[in-house]
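Notes to accompany the following structure.
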Amino acid sequence: MLQRASGQRVCAAHNSRAEMAPVLQSRVPCRYIKQRAGAAALMAPGALQRPIFGSRALVRVAAVKRLPSTEASELLQSGMPYLDVRTPEEFAAGHAVGAVNIPFWFKTADGMVPNPDFVTKVQEAFPNTQEALVVGCRSGNRSAKACAQLEQEYSNLIDDAGGWLGWVEAQLPVEIPAKAL
């Protein structure tokens with residue numbers, strides 16, 4: 001059993017050694033969002049409490065908002081920054097207008113490998129951790145995982161759930177370098 005800050009006890013049956021599933025703050029005492037190790041918790045707006053690995057203490061983490069690409073585009077047009085976490089090759093083939101590329105993973109001969117400097121590079125590019133930041137990728141999977149890493153540092157993350165595919169499908173403004181055409 002885990003105990004929330006409110007004193008409410010919650011079931012820890014879904015936790016494993018490899019992953020500590022976050023607990024939704026709700027009236028239901030045992031409600032988990034199943035996730036892979038390192039994956040983002042895709043949830044309704046509201047506070048989230050996550051067990052600290054190897055401990056029974058719970059830490060409050062800001063919720064990540066998931067929006068469709070059309071709404072993410074409106075935020076981008078209103079001046080919010082857009083972080084594209086796709087590989088440099090994917091980004092070079094086309095991206096949202098004004099997007100900044102910081103890859104979450106790199107493509108290598110052995111497959112995809114995590115970017116060890118991801119959070120540091122994001123902090124350098126977007127030093128205001130209180131400012132809203134829209135995060136997108138190809139389909140919404142990598143951006144959700146990136147948000148999971150960034151939510152400890154940034155308090156207002158918005159995940160473009162449709163990603164590049166949703167962006168193109170909705171015919172939203174894109175930049176395609178001449179080399180990519």
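No hydrogens, no waters, no symmetry mates; every other heavy atom, side chains included, goes into these values. Sequential numbering from 1 along the given sequence is applied to the chain's residues.
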Practice prompt. Determine, using the 4.5 Å side-chain heavy-atom cutoff (strictly less than), whether V168 and V97 are members of one ILVMFWY cluster.
Written response: no
Single-linkage hydrophobic cluster, 4.5 Å side-chain cutoff, F118 and F91 together
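They do not share one cluster, since no chain of ILVMFWY contacts under 4.5 Å joins F118 to F91.
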Do you know the tightest heavy-atom contact between [X] and [Y]?
X    : Y    : answer
D160 : P68  : OD1-C, 4.0 Å
V119 : E153 : CG1-CG, 4.1 Å
W167 : P173 : NE1-O, 2.8 Å
A144 : R66  : CB-NH1, 3.8 Å
T87  : P103 : CA-CB, 4.3 Å
R142 : F104 : O-CD2, 4.2 Å

Any donor-acceptor pair under 3.5 Å linking the side chain of [X] with the backbone of [Y]?
X    : Y    : value
N156 : E131 : no
S69  : G163 : yes
N115 : F106 : no
W105 : V85  : no

For the CD atom on E175, are there more than 12 heavy atoms of other groups (residues, nucleotides or ligands in this structure) within a distance under 6.0 Å?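 Yes, CD of E175 has more than 12 neighbouring heavy atoms, counting only those of other groups under 6.0 Å.
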May I ask you to check whether over 12 heavy atoms, not counting those of E124, lie within 6.0 Å of atom CD?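 More than 12 heavy atoms, drawn from other residues, nucleotides or ligands, come within 6.0 Å of this atom.
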Please examine the side chains of [Y] and [X], heavy atoms only from C-beta on, and report whether any two atoms are closer than 4.5 Å.
X    : Y    : answer
V174 : W164 : yes
L76  : V134 : no
V64  : V135 : no
H95  : N101 : no

Start with the C-alpha distance between E74 and L67, add both sets of side-chain angles, then the distance that settles side chain to side chain contact (heavy atoms under 4.5 Å, CB included), and finish with yes or no. CA-CA 11 Å; E74 291 172 11; L67 297 177; over 6 Å; no
Short side-chain donor-acceptor distance under 3.5 Å, S155 and Q130
yes
Going from [atom1] on [X] to [atom2] on [Y], what distance comes out if it is rounded to the nearest 0.5 angstrom?
X    : Y    : atom1 : atom2 : value
T120 : I102 : OG1   : CD1   : 10.0 Å
R86  : S143 : CZ    : OG    : 10.5 Å
E151 : D159 : CD    : CG    : 11.0 Å

Q) Should the pair K65-E71 be classified as a salt bridge under the 4.0 Å nitrogen-to-oxygen rule? A)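 Salt bridge: no.
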